[in-house]
Amino acid sequence: MDVQKWSVSKIPQISYASTAPELSDDRRYDFFSRVVPPDSFQAQAMVDIIRALGWTFVSTIASEGSYGEKGIEAFTQLSKEAGGICVAQSLKIPHNPKMEDYDKAIQQLLETQHSRAVIIFASEEDIRGVLNATKRANQVGHFLWIGSDSWGAKSSPIHQLEDVSVGAITILPKRSSIKGFDEYFTALTLENNRRNVWFAEFWEENFDCRLLSASKREDTSRKCTGQERIGINSKYEQEGKVQFVIDAMYAMAHALHNMQRDLCPDHLGICPQMESAEGRTLLKYIRNTSFNGSAGTSVVFNKNGDAPGRYDLFQFQMTNSSTPEYKVVGQWVESLQLRLEELQWPDGEQDVPISVCSLPCKTGERKKRVKGMPCCWHCELCDGYQYQYDETSCRLCAYNMRPNPNRTACQPIPIVKLEWHSPWAIIPVFLAMLGIIATIFVMATFVRHNDTPIVRASGRELSYVLLTGIFLCYIITFLMIAMPDVAVCAFRRIFLGLGMCISYAALLTKTNRIYRIFEQGKQTVTAPRFISPTSQIAITSSLICVQLLGVLVWFAVDPPNTIIDYDEQKTVNPMLARGVLKCDITDLQIICSLGYSILLMVTCTIYAIKTRDVPEDFNEAKPIGFTMYTTCIVWLAFIPIFFGTAQSAEKLYIQTTTLTISMNLSASVALGMLYMPKVYIIIFHPEMNVQKRKRSFKAVVTAATMSSRLSQKPNERPNGEAKTELCENPAADPMSKCPAETIARPQDEDGDD
């Protein structure tokens with residue numbers, strides 16, 4: 001059967017009312033509209049364009065009515081499904097709008113300045129009204145228009161508004177000029193087209209004249225002659241939807257043809273089965289129709305009865321001649337094909353303008369979403385020791401890590417230690433080297449002059465022990481600064497308190513010996529026990545063994561090891577954070593290790609105070625006393641500095657430097673006050689380093705007792721005797737203090753009695 005011979009008028013018996021539930025409200029009988037792509041395809045094309053341009057924050061304008069409202073509704077729904085697109089404002093232009101309505105719409109759009117992209121589903125009149133309001137608001141170039149097919153590539157909506165329209169992207173269904181239609185349509189006259197009841201009205205509108213018979217035009221007095229010709233006496237351009245009208249008619253004819261073939265295989269024309277067929281049956285055949293349309297493209301229908309969407313994409317651009325015009329920049333045929341490099345933007349912008357609610361966060365910042373607006377957020381820096389885990393969250397780095405400079409990941413915290421070239425190390429090392437040199441010099445001098453009276457009178461054994469302790473006090477400086485490892489940490493534990501322990505054990509033994517000698521001498525002439533050099537060495541060794549025993553217990557309970565302390569220099573700014581490589585020795589353990597030596601030092605100081613009145617000609621009590629007083633002052637200053645810097649970021653440096661300098665000063669005080677005067681005599685005044693006559697223990701004690709009595713005030717002496725009473729018979733008492741020439745040096749301390 002020839003499809004072109006079919007006519008809808010030949011099948012009046014078919015009821016189309018039954019198709020009503022299958023079709024939308026205002027397209028229930030409009031088969032032509034089913035051939036034209038529906039608004040949902042336009043909306044999908046717009047969504048794809050917006051996503052391709054990277055816009056996430058847009059506004060919409062719709063003309064009140066089916067076209068505008070349904071178009072925006074489809075766009076809003078599809079943008080939600082696509083995700084990543086937020087509608088800032090959705091405005092509606094009312095029927096019969098006033099200028100104030102357009103101005104109000106523009107002012108509302110300007111309330112969301114970052115939403116520059118505007119989707120517009122509106123009539124030509126409303127498009128012109130919106131563009132005019134934009135110009136009145138002096139916002140030319142601010143808005144980025146995305147127009148529907150009502151704008152398309154038409155010049156009428158933008159006439160004399162080209163500057164406002166530059167950069168607008170519009171959509172128009174793909175269409176072609178139908179060959180032969182122009183000749184057919186321009187040849188139509190009032191005589192040869194009487195079958196079209198609306199043609200006379202078109203004639204009056206097209207030629208701006210009035211027909212004599214029942215004309216409704218009152219805005220012109222010009223009469224139509226009937227000799228006017230379309231395209232000659234009026235402007236003519238083929239309507240873009242001609243092909244869709246033709247394809248719609250062909251779709252109906254193909255559906256009827258297929259329906260007749262199936263229901264009436266043995267009949268020509270309509271059979272009883274077709275006459276009783278429902279509209280739902282005809283709709284089924286229409287949806288299953290497929291053929292090549294008038295433009296050479298295939299015509300098919302989807303499950304909803306709509307033809308596939310095919311759109312050309314235009315942008316209104318300034319040309320080389322500075323005359324703006326529409327330019328095809330892509331197409332949409334089920335997917336977007338947009339030539340971004342050909343796009344032009346207002347004000348000569350080279351890059352694609354932005355239309356976003358919030359700018360992308362910088363690296364190291366997380367997005368804090370605004371409630372109800374997934375496209376809007378505030379950027380918050382991942383602070384402290386946090387890094388950016390993903391775009392919406394930060395996480396804390398591990399304890400031994402810190403964020404990298406851009407806070408996108410964690411990196412190891414640098415490890416530091418006290419370096420030899422650090423100013424914190426240079427000063428104590430310099431002092432320690434001077435002390436070691438001086439100690440070696442003193443020890444060499446004593447060894448060389450080992451048998452001279454001054455060396456022998458100093459108690460050679462304890463002097464060498466004391467010098468050894470002083471030497472170790474200097475040596476500990478190098479162990480405290482050396483690179484920590486298990487061996488270094490072990491030696492630190494051993495020598496940290498050992499040098500001081502040896503020094504003060506020797507001094508305590510000396511002061512105790514002196515004290516016992518003169519205290520017992522006040523009561524008897526019998527020498528105290530354990531004052532021989534051998535006994536003194538034994539006592540000193542016993543005191544030192546207590547320190548060594550404590551160190552051994554320390555080794556057993558907590559073996560030496562190295563640690564990396566990340567808390568000591570964990571600053572507020574993670575870029576300044578450092579891990580400190582050090583021995584596993586706490587501040588409390590350091591004080592405990594030094595505690596025994598400090599106890600010896602305090603005890604020695606007490607004995608020095610008790611023997612302060614013994615004449616300096618007989619012993620070293622006063623130099624030892626001055627040494628201990630000065631040492632106590634040094635360590636009293638050390639304790640607050642050591643513990644006061646426990647929370648400092650430079651704790652390692654301050655405490656190490658303070659500890660080593662305190663030990664260097666303690667050793668230097670002992671070395672200077674106890675040995676330098678003797679070395680001076682040995683080297684520069686050898687004539688004074690001679691043997692004086694020896695005296696018995698009784699004579700020494702008697703002289704010390706008399707000296708003690710002479711130091712008392714006259715009114716405090718027993719029986720009120722005067723100082724001169726002791727000097728009445730100096731010859732009878734060779735130990736009298738009156739004749740200076742009778743005073744001799746004390747008995748050599750190397751003796752046993």
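As a basis for the values below, the full set of heavy atoms in this structure was taken, side chains included, without hydrogen atoms, waters or symmetry mates.
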Nearest 0.5 Å, what's the [atom1]-[atom2] distance between [X] and [Y]?
X	Y	atom1	atom2	result
Asp312	Ile171	CG	CD1	10.5 Å
Leu144	Ile354	CG	CD1	10.0 Å
Asp126	Ile120	CG	CD1	7.5 Å
His142	Asp347	NE2	CG	11.5 Å
Asp48	Glu334	CG	CD	11.5 Å
Ile72	Thr60	CD1	OG1	4.5 Å

What class does the angle between the rings of Tyr250 and Phe291 fall in, given that below 30° is parallel, 30 to 60° is tilted and above 60° is perpendicular?
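Ring orientation, 0 to 90° scale: tilted.
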Please state whether the rings of Tyr389 and Tyr387 are parallel, tilted or perpendicular, taking 30° and 60° as the class boundaries.
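Correct class here is perpendicular.
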Ring centre gap for [X] and [Y] strictly below 6.0 Å:
X	Y	result
Trp203	Phe207	yes
Trp145	Phe143	yes
His114	Phe57	no
Phe121	Phe75	no

Where [X] and [Y] come nearest, the two heavy atoms and their spacing:
X	Y	value
Ala133	Ile106	CB-CG1, 3.5 Å
Cys375	Ile85	SG-C, 3.5 Å
Tyr102	Ile93	CE2-CG2, 3.7 Å
Pro94	Glu64	CA-OE1, 3.4 Å
Ile178	Gln238	N-OE1, 2.9 Å
Leu359	Trp377	O-NE1, 3.2 Å

May I ask you to say whether [X] pairs ionically with [Y], meaning some side-chain N is under 4.0 Å from a carboxylate O?
X	Y	result
Lys284	Glu278	no
Glu124	Lys154	yes
Lys368	Glu380	yes
Lys92	Glu69	yes
Lys135	Asp163	yes

Does the side chain of [X] come under 3.5 Å of the side chain of [Y] through a donor N or O and an acceptor N or O?
X	Y	answer
Ser298	Asn292	no
Ser59	Ser115	yes
Asn404	Thr408	yes

Atom [atom1] of residue position [X] - does it have more than 12 heavy atoms of other residues, nucleotides or ligands inside 6.0 Å?
X	atom1	value
Met373	CE	yes
Glu81	CD	yes
Glu125	CD	no
Asn192	CG	yes
Arg210	CZ	yes
Asp390	CG	yes

Stepwise side chain to side chain donor-acceptor pair (under 3.5 Å) check, Gln331 with Gln337:
CA-CA 5 Å; Gln331 63 178 356; Gln337 301 172 39; 3.1 Å; yes
Please assess Tyr236 against Asp182 for the test side chain to side chain donor-acceptor pair (under 3.5 Å), listing each intermediate value before the final yes or no.
CA-CA 9 Å; Tyr236 169 75; Asp182 292 339; 2.7 Å; yes
When you take the SG atom of each Cys, Cys376 and Cys357, is the space between them under 2.5 Å?
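Yes, Cys376 links to Cys357 through a disulfide.
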Measure from the side-chain N and O atoms of [X] to the backbone N and O of [Y], and report whether any donor-acceptor pair falls under 3.5 Å.
X	Y	value
Asn258	His254	yes
Arg136	Leu131	no
Asn233	Arg229	yes
Thr170	Gly147	no
Glu365	Lys362	yes
Arg116	Val58	no

Go through the steps to decide whether Tyr67 and Asp149 satisfy the test side chain to side chain donor-acceptor pair (under 3.5 Å), and finish with yes or no.
CA-CA 11 Å; Tyr67 173 75; Asp149 58 355; 2.5 Å; yes
So Pro574 and Arg407, do their side chains get closer than 4.5 Å, heavy atoms only?
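SC-SC contact between Arg407 and Pro574 confirmed.
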Working for side chain to side chain donor-acceptor pair (under 3.5 Å), residues Gln107 and Asp103:
CA-CA 6 Å; Gln107 292 304 318; Asp103 292 337; over 6 Å; no
